[in-house]
Engineer: 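This is the structure I have questions about; it appears just below.
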Amino acid sequence: MASVCGPAASTQPALPSGPAVFKTVPYAFMLPEILCGTWVWILVAATSVSFPLLQGWVMYVSLSSCLISLLLLLSYLLGFHKNSENWKVLDSLYHGATAILYMSAAVLQANATIRSELSPNSPLYYQLNSAASFFAFITTFLYILHAFSIYYQ
């Protein structure tokens with residue numbers, strides 16, 4: 001009688017490595033997260049940063065999460081995970097925590113946008129802050145999608 005529980009019975013999907021990262025659903029969100037987060041940082045930096053406490057947090061969250069996401073993407077591309085289940089937990093926890101931080105940054109950026117409507121350089125800074133708010137909420141949504149899609153995978 002043959003054993004039913006062998007290596008072939010494992011149904012855990014393999015973690016992607018190399019270019020397959022860009023074709024797999026939860027990991028394909030990483031590049032758009034990095035690009036949208038970079039836009040948030042660039043757009044806030046292009047303003048005069050009139051509200052340093054609010055927009056400083058936005059810049060900190062966007063820049064640090066962009067760099068950490070880039071390192072995580074590179075580790076997937078280079079195959080550092082070695083198909084370990086711990087990487088799924090790490091990925092899910094990181095993206096969940098970053099989604100929460102990005103939500104706080106997006107709300108603060110929206111507040112800065114509303115406040116910049118009355119500034120002397122109103123049209124330019126209001127438009128830049130509006131675009132930064134838009135990208136901050138899009139980036140938040142991408143991080144939430146990534147965290148939940150890897151959790152339910």
Side-chain angles (χ1 to χ4, degrees), residues 1-47 49 51-114 116 127-153:
M1 187 169 208
S3 173
V4 177
C5 296
S10 175
T11 60
Q12 291 293 333
L15 293 173
S17 294
V21 170
F22 301 114
K23 298 175 186 173
T24 310
V25 168
Y27 309 102
F29 293 129
M30 292 180 85
L31 193 58
E33 291 165 1
I34 293 168
L35 293 176
C36 288
T38 303
W39 272 111
V40 172
W41 184 79
I42 290 170
L43 290 166
V44 172
T47 67
V49 188
F51 313 104
L53 190 59
L54 301 177
Q55 293 180 303
W57 176 250
V58 174
M59 291 178 75
Y60 171 75
V61 168
S62 63
L63 187 60
S64 62
S65 63
C66 180
L67 291 175
I68 294 170
S69 293
L70 184 62
L71 290 174
L72 193 59
L73 177 63
L74 288 175
S75 66
Y76 276 117
L77 287 173
L78 298 175
F80 288 153
H81 54 76
K82 298 192 187 330
N83 209 19
S84 172
E85 279 297 310
N86 295 334
W87 277 84
K88 281 187 174 181
V89 174
L90 172 81
D91 195 317
S92 181
L93 288 175
Y94 166 70
H95 282 87
T98 306
I100 293 168
L101 293 176
Y102 242 109
M103 180 57 80
S104 70
V107 168
L108 290 175
Q109 180 57 37
N111 186 340
T113 301
I114 292 167
S116 71
Q127 291 168 355
L128 289 171
N129 283 323
S130 295
S133 295
F134 173 77
F135 280 110
F137 281 108
I138 293 295
T139 308
T140 303
F141 181 67
L142 288 169
Y143 275 105
I144 290 170
L145 277 178
H146 189 124
F148 280 116
S149 64
I150 199 163
Y151 180 73
Y152 287 113
Q153 188 181 30

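These numbers come from the heavy atoms of this one structure, side chains and all, not from hydrogens, waters or symmetry mates. Being a predicted model, the structure only gives us computed values, none of them experimental.
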Engineer: With no hydrogens and no angle check, do the side chains of Thr113 and Ser133 hold a donor and an acceptor under 3.5 Å apart?
Structural biologist: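 Side-chain D/A pair, Thr113 to Ser133: present.
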
Engineer: Side chains of Leu54 and Gln109: does their closest heavy-atom pair fall under 4.5 Å?
Structural biologist: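 No. Closest side-chain heavy atoms not under 4.5 Å.
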
Engineer: Check Trp41 against Ser62 and note the closest heavy-atom contact, atom names and distance.
Structural biologist: CB-OG, 3.5 Å

Engineer: Is any side-chain heavy atom of Tyr76 closer than 4.5 Å to a side-chain heavy atom of Asp91?
Structural biologist: yes

Engineer: Distance from Trp57 atom CH2 to Leu108 atom CG, nearest 0.5 Å?
Structural biologist: 9.0 Å

Engineer: As an exercise, state the distance from CG of Leu70 to CD1 of Ile34, rounded to the nearest 0.5 Å.
Structural biologist: 5.0 Å

Engineer: Quick check for you: to the nearest 0.5 Å, what is the distance between Ile100 atom CD1 and Tyr143 atom OH?
Structural biologist: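 Answer rounded to 0.5 Å: 13.5 Å.
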
Engineer: Please find the pair of heavy atoms, one from Val40 and one from Ala136, that lie closest to each other, and give the distance.
Structural biologist: CG2-N, 3.4 Å

Engineer: Roughly how far apart are Leu43 CG and Gln55 CD, rounded to 0.5 Å?
Structural biologist: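 Between atom CG of Leu43 and atom CD of Gln55 there are 11.0 Å.
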
Engineer: Rounded to the nearest 0.5 Å, what separates atom CG in Leu53 from atom CG in Asn111?
Structural biologist: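 Here the rounded value is 10.5 Å.
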
Engineer: In Å and rounded to the nearest 0.5 Å, what is the CD1 to CE distance from Ile42 to Met59?
Structural biologist: 10.0 Å

Engineer: Please confirm whether the backbone N or O of Cys66 pairs with a side-chain atom of Ser69, one donor and one acceptor, at under 3.5 Å?
Structural biologist: no

Engineer: Measure from the side-chain N and O atoms of Ser92 to the backbone N and O of Lys88, and report whether any donor-acceptor pair falls under 3.5 Å.
Structural biologist: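 Checking the backbone N and O of Lys88 against the side chain of Ser92, no donor-acceptor pair under 3.5 Å is found.
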
Engineer: Are Leu73 and Glu33 packed together at the side-chain level, in the sense that at least one heavy-atom pair is separated by less than 4.5 angstrom?
Structural biologist: no

Engineer: Check Thr140 against Ala99 and note the closest heavy-atom contact, atom names and distance.
Structural biologist: CG2-O, 3.8 Å

Engineer: For Ser104 and Leu101, indicate whether the former's side chain and the latter's backbone hold a donor-acceptor pair under 3.5 Å.
Structural biologist: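 It does hold such a pair.
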
Engineer: Donor-acceptor pair, distance only, cut-off 3.5 Å: does the side chain of Tyr102 make one with the backbone of Phe141?
Structural biologist: no

Engineer: Between Ala112 and Asn129, what is the shortest heavy-atom contact and its length?
Structural biologist: O-ND2, 4.1 Å

Engineer: Specify whether Trp39 and Phe135 have parallel, tilted or perpendicular ring planes, treating 30° as the upper limit for parallel and 60° as the lower limit for perpendicular.
Structural biologist: parallel

Engineer: What is the minimum heavy-atom distance between Phe137 and Ala110, and which atoms define it?
Structural biologist: CE1-CB, 4.2 Å

Engineer: Are Leu142 and His95 close enough that some pair of their side-chain heavy atoms sits under 4.5 Å apart?
Structural biologist: no

Engineer: Do any N or O atoms from the side chain of Ser75 and from the backbone of Leu72 form a donor-acceptor pair under 3.5 angstrom?
Structural biologist: yes

Engineer: What pair of heavy atoms forms the shortest contact from Cys36 to Ile138, and how long is it?
Structural biologist: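 Heavy-atom minimum between the residues: SG-CG2, 3.9 Å.
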
